[in-house]
Amino acid sequence: MGNSKSKVLFEDMKYTIEEFAPCMDDFLYVYDINNDSYYITEKALDRFKLPSNAFHDVVETHGVIVHPDDIDLIMDDLNRVIEGKQEGHDLVYRWMGKDGSPVWINCKGRIVSSPEDGIKFLIGCINEIGVKQRADNVSGLLGERSFMMKLESYGEGIPDGFILRIGIDDFKVINERLGSAYGDFILHSVADCINKCKKMTQDAYRIVSDEFIIFDTEGGSEEDALLLYDKIRSAVDVFLEELSYEAVFTISAGIMSTKIADGNKYDNMMKISRFTLSEAKYRGRNQAYVYCQEDYDKFLRKRMLLAALRASVANDFEGFELYFQPIMDVNTNQLFAAESLARFWQDGKMVSPGEFIPILEESGLIIPVGKWIIQEAAKMCQFCREINPDFCVTINLSYVQLQKSPVFDTVMNTIEEMGLQSSGVVVELTESGYVENTPAMRNVWSKFKNKGVSVAIDDFGTGYSNLANIGHMMPHIVKIDRGFTMLALANDYENDLLVHIINMVHNLGIKIVVEGVETEEEFQRIKVLGPDYIQGYFFSKPCPKDEFIEKFIHA
């Protein structure tokens, strides 16, 4: 009798919670404990990996829909509810999402019972606690979820207009210096500036941290967005002045037309708007950047290449290859050394070092790749010195390696493992990388020299030239960049300057390598200037290991 009555009440409750479902974002449920029947509002099927929104065998079914790490927790709690040991259910755990990813929920429920009728229900609500808020109480603006819902409301066609994404430059510094409460005050004040400057028909949202979006659907152009940005920036300047510059900051902005969006695909629009703001900050901050497809294609290319580089490092450096270029004695035309140069192949094509090396440095991948280069170059040196005992290999070290890895230990350990003499290795650092002449840098350089490893300043004359670097560092070798060399060949003043540099460096007991010599004429003209060594296409382009050995070691 009790079971029959509970079945009737269960059907009534199912109807009731579905009536309430459109009024809330959460998911209502009812569990008929006596009849082992469970019902959750139908919209839960769009979010969770449920067999149905109505099912029996409730405990067993939860074993399928609950995250594996949380099953013991939920099973224990449900059994306590069923056995009457607790009067409700209040847990934070994970259900499996429809796409297979875990979704954090807060599931609350209370027991409603009538012992005389044999009725016992658990009635409650499931709230997805990881979902983004629809509004932001700090700024007083709507939040990212509201922006997403606004976009979804347009279906496949967003009206013409623009998205202006604004970010506060160096907001982290404000929080660190003045505290998070003051940071919240700044966020609210910037939001006020935005509200004062935007049109009533334009929506404003706080998206994340210190970033805001202004959404125009009234046909506003990119030029209109630029004018709005300038207006908001002026309002922020007035606010800072009124604040007596207690805090000083600027704002950057990225601008994109709604026409760029692919339908109303929220993720695509967020990615592009995030790119535009990042580009504005990258270009110097306190400015606005308007979306350009060519720039975005370069950004995507860089991201794709980074993924390929990561995969290569994880797969034993597949795709990397070490090339070698000879450095010749200018007087004897005999081989002095070979510079080791990293090359990277993708889909059968060689990627320009000017493209992938900066990515390695920015990402930190230069550390594992640099270690691989050191080991491969040492193997090459070991082989060549068996035939030519005076052979040297030069290894380029990135400033990132020197700052963030034990590169000195890596070089010396590799030399020891290979049974090499330290004199067979020259380590090079581009002069641009040596601009920060720190005690740590000088210490590493001194340790190399104390161990008998030769050190060189590479690319001298590329725009960072400072003769003081030579005095601080006292390298064994200075390498003159081809650009500086070409100026010396074309201009009497630069020619005299190069002669003086060569003479001065020689007076300090330092050797000179002139890079980039490509023709017989250049070789003869450079030779009379008195360098010690020459490197360039005149002798050979960089070439693979086997080709180099055949041309310069076995020759």
Side-chain angles (χ1 to χ4, degrees), residues 319-345 348-357 372-397 420 423-430 454 456-462 476-486 488-489 498 502 511-555:
F320 280 100
E321 186 177 4
L322 212 56
Y323 273 39
F324 298 89
Q325 187 176 33
I327 302 172
M328 309 297 288
D329 187 301
V330 75
N331 295 310
T332 65
N333 284 358
Q334 296 298 307
L335 179 69
F336 159 64
E339 180 176 3
S340 53
L341 299 161
R343 296 293 183 261
F344 182 68
W345 296 82
K349 297 180 181 179
M350 183 183 288
V351 180
S352 167
E355 185 178 14
F356 77 81
I357 294 294
W372 174 84
I373 291 171
I374 291 167
Q375 292 170 341
E376 293 301 308
K379 290 177 186 177
M380 175 68 163
C381 186
Q382 180 190 45
F383 177 86
C384 293
R385 283 175 79 90
E386 291 177 358
I387 302 169
N388 179 354
D390 296 325
F391 176 82
C392 296
V393 68
T394 76
I395 303 171
N396 291 284
L397 299 184
L420 290 174
S423 58
V425 176
V426 180
V427 291
E428 299 184 18
L429 178 67
T430 59
S454 295
I457 293 180
D458 192 17
D459 295 338
F460 186 86
T462 55
H476 299 96
I477 298 169
V478 171
K479 301 183 76 175
I480 304 296
D481 180 73
R482 171 173 168 79
F484 190 12
T485 304
M486 292 303 98
L489 293 177
L498 180 56
I502 291 173
K511 301 292 187 180
I512 286 282
V513 177
V514 175
E515 299 179 297
V517 177
E518 297 186 355
T519 67
E520 174 72 32
E521 180 187 1
E522 290 176 359
F523 173 71
Q524 295 300 333
R525 294 180 64 189
I526 291 297
K527 184 177 180 179
V528 299
L529 300 181
D532 302 281
Y533 309 107
I534 284 180
Q535 179 179 353
Y537 286 7
F538 176 65
F539 291 103
S540 174
K541 294 182 179 181
C543 55
K545 175 182 176 180
D546 291 343
E547 182 181 338
F548 181 90
I549 291 172
E550 182 179 348
K551 289 171 65 174
F552 296 99
I553 303 301
H554 289 317

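Keep in mind that what you see is a predicted model, and the values were worked out from it rather than measured.
- The backbone N or O of Glu518 sits less than 3.5 Å from a side-chain atom of Glu522, completing a donor-acceptor pair.
- Residues Val478 and Val513 form no side-chain contact, since every pair of their non-hydrogen atoms from C-beta on lies 4.5 Å or further apart.
- For Arg385 and Phe391, the positive end is not near the middle of the six-membered ring at less than 6.0 Å and at most 45° from its axis.
- A heavy-atom distance below 4.5 Å is not found between the side chains of Lys551 and Phe324.
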**OP:** Could you walk me through whether Lys479 and Glu339 pass the side-chain contact (heavy atoms from CB on, under 4.5 Å) test, one step at a time?
**Re:** CA-CA 12 Å; Lys479 301 183 76 175; Glu339 180 176 3; 3.1 Å; yes
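- With values rounded to the nearest 0.5 angstrom, Cys384 atom SG is found 14.0 Å from Lys379 atom NZ.
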**OP:** Go through the steps for Met380 and Phe548 under the test side-chain contact (heavy atoms from CB on, under 4.5 Å), then give the verdict.
**Re:** CA-CA 10 Å; Met380 175 68 163; Phe548 181 90; 3.4 Å; yes
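- Of all non-hydrogen atoms in Ala378 and Leu420, the two that sit nearest each other are O-CD1, 3.7 Å.
- At a threshold of 4.5 Å between non-hydrogen side-chain atoms, the residues Leu429 and Asp458 do not count as touching.
- Ring geometry for Phe336 versus Tyr533: interplanar angle under 30°, hence parallel rather than tilted (30 to 60°).
- Annotation: side chain of Leu341 is in contact with side chain of Asn396 (closest heavy-atom distance under 4.5 Å).
- Partner of Val330 under the side-chain contact (heavy atoms from CB on, under 4.5 Å) criterion, chosen from Ile512, Asp532, Ile534, Val514: Ile534.
- For the 3.5 Å distance criterion, the side chains of Gln524 and Glu520 qualify, holding a donor opposite an acceptor.
- With ring centers used as reference points, Phe539 lies under 6.0 Å from Phe523.
- When all heavy atoms of Leu322 and Glu376 are compared, the pair lying nearest together is CD2-CB, 3.7 Å.
- The closest side-chain heavy-atom distance from Val426 to Val393 is not below 4.5 Å.
- The closest side-chain heavy-atom distance from Tyr537 to Pro542 is below 4.5 Å.
- By the 4.5 Å heavy-atom criterion applied to side chains, Pro544 and Glu321 are counted as neighbours.
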**OP:** Quick one: do Ile373 and Phe320 satisfy side-chain contact (heavy atoms from CB on, under 4.5 Å)? Show the steps, please.
**Re:** CA-CA 9 Å; Ile373 291 171; Phe320 280 100; over 6 Å; no
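- Closest heavy-atom contact between Ile387 and His554: CD1-CE1, 3.4 Å.
- Distance alone, capped at 3.5 Å, is enough to place a donor-acceptor pair between the Ser340 side chain and the Thr394 backbone.
- Interatomic distance, CG of Asp390 versus CG of Asp329, reported as 11.5 Å (0.5 Å rounding).
- Between Pro353 and Arg343, the shortest heavy-atom distance links the atoms CG-NH1, 3.4 Å.
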**OP:** I would like to know whether Ile480 and Glu515 meet side-chain contact (heavy atoms from CB on, under 4.5 Å); could you show each step before the answer?
**Re:** CA-CA 6 Å; Ile480 304 296; Glu515 299 179 297; over 6 Å; no
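- Note that the OG atom of Ser540 and the CD atom of Glu547 stand 6.5 Å from one another [nearest 0.5 Å].
- Between Pro326 and Gln535 the shortest side-chain heavy-atom distance does not fall below 4.5 Å.
- More than 12 heavy atoms of other residues, nucleotides or ligands shown are found within 6.0 angstrom of NZ on Lys527.
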